[in-house]
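Accompanying notes for the structure given below.
Computed from a predicted structure; not experimentally measured. Each chain gets a letter, A, B and so on, in the order its sequence line appears, and its residues count up from 1.
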Number of protein chains: 2
Amino acid sequence: MSATHAEDSRHHLVVVGAGFGGLEAVHRLAGAPLRITLIDRRNHHLFQPLLYQVATASLATSEIAWPIRHLLRRRREVTTLLATVAGVDKQARRVLLDDGSFLSYDTLVIATGARHAYFGHDAWESFAPGLKTLEDATTIRRRILLAFERAEREADPARRKALLTFVIIGAGPTGVELAGTIAELAHMTLVDEFRSIDTREARVVLIEGGPRVLAAFTEDLSTYAQRSLEKLGVEVELGSPVTECTANGVVYGGKTVPAATIIWAAGVQASPAAEWLGVAADRAGRVQVEADLTAPGNPEIFVIGDTAAVVAPDGSPVPGIAPAAKQQGGHVAQTIRARLAGQSGSSPFRYQHAGSLATIGKRLAVIDFGRIKLRGALAWWIWGLAHIYFLIGVRNRLSVALSWLWIHTRDQRSSRLITQGSASPKPAASMPARASEGTEL
Amino acid sequence: MSATHAEDSRHHLVVVGAGFGGLEAVHRLAGAPLRITLIDRRNHHLFQPLLYQVATASLATSEIAWPIRHLLRRRREVTTLLATVAGVDKQARRVLLDDGSFLSYDTLVIATGARHAYFGHDAWESFAPGLKTLEDATTIRRRILLAFERAEREADPARRKALLTFVIIGAGPTGVELAGTIAELAHMTLVDEFRSIDTREARVVLIEGGPRVLAAFTEDLSTYAQRSLEKLGVEVELGSPVTECTANGVVYGGKTVPAATIIWAAGVQASPAAEWLGVAADRAGRVQVEADLTAPGNPEIFVIGDTAAVVAPDGSPVPGIAPAAKQQGGHVAQTIRARLAGQSGSSPFRYQHAGSLATIGKRLAVIDFGRIKLRGALAWWIWGLAHIYFLIGVRNRLSVALSWLWIHTRDQRSSRLITQGSASPKPAASMPARASEGTEL
């Protein structure tokens with residue numbers, strides 16, 4: 001590779017991260033006079049907006065993820081590299097990989113996204129996993145399904161109750177979507193399948209430190225969402241942040257909720273791009289980019305998506321959602337094209353908010369298009385069609401449509417698999433051992 | 001649970017293992033006057049005949065696996081238990097679970113299947129994984145896909161060649177199906193997607209200790225299968241068993257093949273049911289059952305499927321395939337029904353061989369129905385329709401049909417995901433470290 005590329009005099013663009021932002025930049029540069037190397041530490045692009053459906057057994061992993069190099073197979077000037085970036089040498093213009101090798105760049109786009117953050121409580125991660133990768137989703141799926149399995153075998157009423165309590169921390173779209181779907185799983189999908197427990201007795205508790213659910217939406221949509229969740233059986237607890245999180249449950253507002261399953265949907269931390277570049281970051285670790293999305297003092301480096309702190313024309317922060325990342329990827333592509341054409345100067349990025357969407361269970365949604373606000377079943381249909389439209393490839397659209405059809409008509413969720421991990425539903429190490437020796441099950 | 005069941009005076013059947021045999025026994029006992037507990041250490045029934053398609057990225061895990069308790073949700077007398085069995089107390093008629101609890105039974109059916117066996121070379125397992133569970137399949141899928149990713153980054157020609165060499169040990173149906181599909185993956189599916197390597201240069205080597213591939217088929221079908229594999233680019237090596245298996249490759253017949261990816265399809269070992277029961281087993285660990293499939297000296301214990309050594313009416317051993325296990329499950333159900341009706345005595349199990357099927361890549365297959373033998377494209381269509389027919393549930397049939405349609409018309413495999421494991425394609429620990437420090441990639 002080095003030999004061929006050393007002779008290649010074309011401008012070399014290195015893009016780190018094949019999420020919505022990075023991939024859009026590469027797509028929008030089709031036909032431009034450069035060569036591109038796209039690096040990701042995963043082999044797949046992930047459709048994150050539907051990740052919660054993998055975590056709740058509604059969709060299969062392969063329905064929302066595609067091999068990156070397959071998506072770009074017809075772009076001969078694009079090399080896809082499965083690799084982990086360890087840093088950036090700005091002086092030498094090199095991206096450093098974790099095996100000690102490097103790639104030289106002329107222009108660099110960093111679009112490495114974010115991970116969930118525990119606000120200084122990193123120890124909570126093992127008890128309350130977050131949801132950012134396919135592995136996160138299958139981990140959460142395993143925990144949810146195993147909790148029901150363990151409850152079916154548990155004789156002690158208090159422990160059984162803890163096993164049937166599901167706590168979701170954070171009531172943004174992901175938290176709301178998880179809570180609604182887990183409630184449906186417990187109160188509808190699984191009802192006929194257990195003999196010792198009544199899954200309808202499961203508690204789903206959604207805890208939010210702020211004053212309302214879906215804070216990014218208008219107040220009446222928040223109220224509607226909360227009422228809809230409560231109709232599904234979700235207990236919504238507002239205004240009290242979680243102060244403790246252990247293998248046994250959570251503490252918030254002085255109250256203790258014993259729970260075997262806790263899911264974290266409360267906050268994110270940007271990837272370490274600011275450290276790589278040695279530039280200023282905000283509290284969430286996001287690079288404070290210039291108006292044209294370049295890193296301060298480095299016009300050849302762009303930072304976009306969840307890794308960048310960007311301000312919208314109205315002064316509000318640009319939200320960490322797929323359409324925002326894609327718009328930024330498109331803007332960067334435009335700037336690079338202009339530079340390759342010899343134009344100097346740069347135009348500022350202007351975010352256009354198309355709308356906010358969130359689902360509540362399998363039939364309701366809220367949509368805020370600015371002037372138009374929708375809620376209920378019609379909103380759900382728009383949400384569903386929009387998401388199917390934005391999925392990549394006809395096959396995935398058909399497959400997801402089929403999965404949803406089955407969920408809606410038969411309440412069967414296609415991916416209820418417990419894989420990777422303890423097959424036997426053993427209690428967590430830190431929970432008191434049950435006195436099961438010699439007892440008949 | 002103990003309280004309710006202690007008062008339950010119905011005959012208690014415990015079935016261990018929800019594979020084809022165990023599940024069929026439970027299905028065939030619908031309406032019989034007993035209560036049933038079905039134990040499995042997995043939460044899903046697995047359609048093993050298509051497992052190789054998960055390992056080769058053609059199907060998703062959820063397309064060939066179903067939650068056991070969902071399959072039996074309408075059978076109120078059946079309790080499904082996710083648990084690991086540790087032994088059997090024949091005197092007390094108890095199944096012992098690994099957490100120290102137990103279940104009392106009146107009748108016991110053991111249908112716990114088999115794992116792959118390394119004939120005394122257990123150390124080979126880490127280098128040459130076998131294919132029996134969903135986790136096995138995703139492990140093999142990850143290794144195959146990572147080998148191409150690592151080859152794309154590898155500058156050293158010898159190491160690159162090893163990374164692009166795939167060795168399959170054992171040329172039964174699984175080995176033949178894996179070899180054919182990996183060859184197609186390398187020579188067709190992936191061709192456009194890499195920039196430094198030509199995936200068509202990948203070697204797929206199928207090594208068989210015996211004199212021919214598909215030994216259970218007639219000689220001319222074996223010859224046809226071998227020729228078809230060779231046309232797909234598979235190197236078929238017969239008559240030399242593998243004598244060494246390391247992280248660097250395999251040795252057979254005095255020849256060394258450096259290979260980063262090795263898959264074991266050469267033999268199986270029954271689950272430890274014979275040890276649990278303290279009865280005689282054959283070399284593969286299978287219980288040598290009576291003619292009515294009961295364990296010697298224990299008419300209340302049945303052993304079926306891959307865990308039992310059964311002889312067909314013509315004196316040949318009953319093969320370890322799904323139809324054989326299902327027939328045995330049906331026979332056991334019949335015997336139990338007769339006993340519950342007060343009939344004494346028992347009828348011997350008579351295996352009826354319906355036929356043998358194996359595919360070679362995505363367009364050819366061989367079928368041996370006894371008098372009728374088929375090969376080629378027609379055989380493939382019959383194979384495909386038969387497998388879709390035997391899948392459980394309309395949704396899975398549609399989904400698998402859709403996946404196959406895409407493979408056939410577009411050569412796109414839907415599940416090319418590298419998950420669970422090292423994201424970065426690092427070399428195996430025992431391979432010499434590459435001199436990559438400071439080299440430009």
Would you call [X] and [Y] a salt bridge, taking side-chain N to carboxylate O under 4.0 Å as the test?
{"X": "B:E77", "Y": "B:R10", "answer": "no"}
{"X": "A:D40", "Y": "A:R42", "answer": "no"}
{"X": "B:R69", "Y": "A:E149", "answer": "yes"}

Point to revise | Atom group of A:V78 that falls short of 4.5 Å from chain B, counting heavy atoms | key: backbone
**Study point:** Part of A:L405 lying under 4.5 Å from any heavy atom of chain B
**Key:** neither
Review point. Is it true that the side chains of A:H12 and A:T37 contain a donor and an acceptor less than 3.5 Å apart?
Key: yes
Point to revise | Partner of B:H45 by side-chain contact (heavy atoms from CB on, under 4.5 Å), out of B:L72, B:L71, B:L38 | key: B:L71
Study note, to complete from the structure: In terms of heavy-atom pairs under 4.5 Å with chain A, the winner among B:R75, B:R74, B:H70 is B:H70
Check your understanding: Of all of A:A60, A:S399, A:S403, which one pairs up most often with chain B through heavy atoms under 4.5 Å apart?
Key -> A:S403
Check your understanding: B:T61 versus chain A, heavy atoms under 4.5 Å apart: side chain, backbone, both or neither?
Key -> both
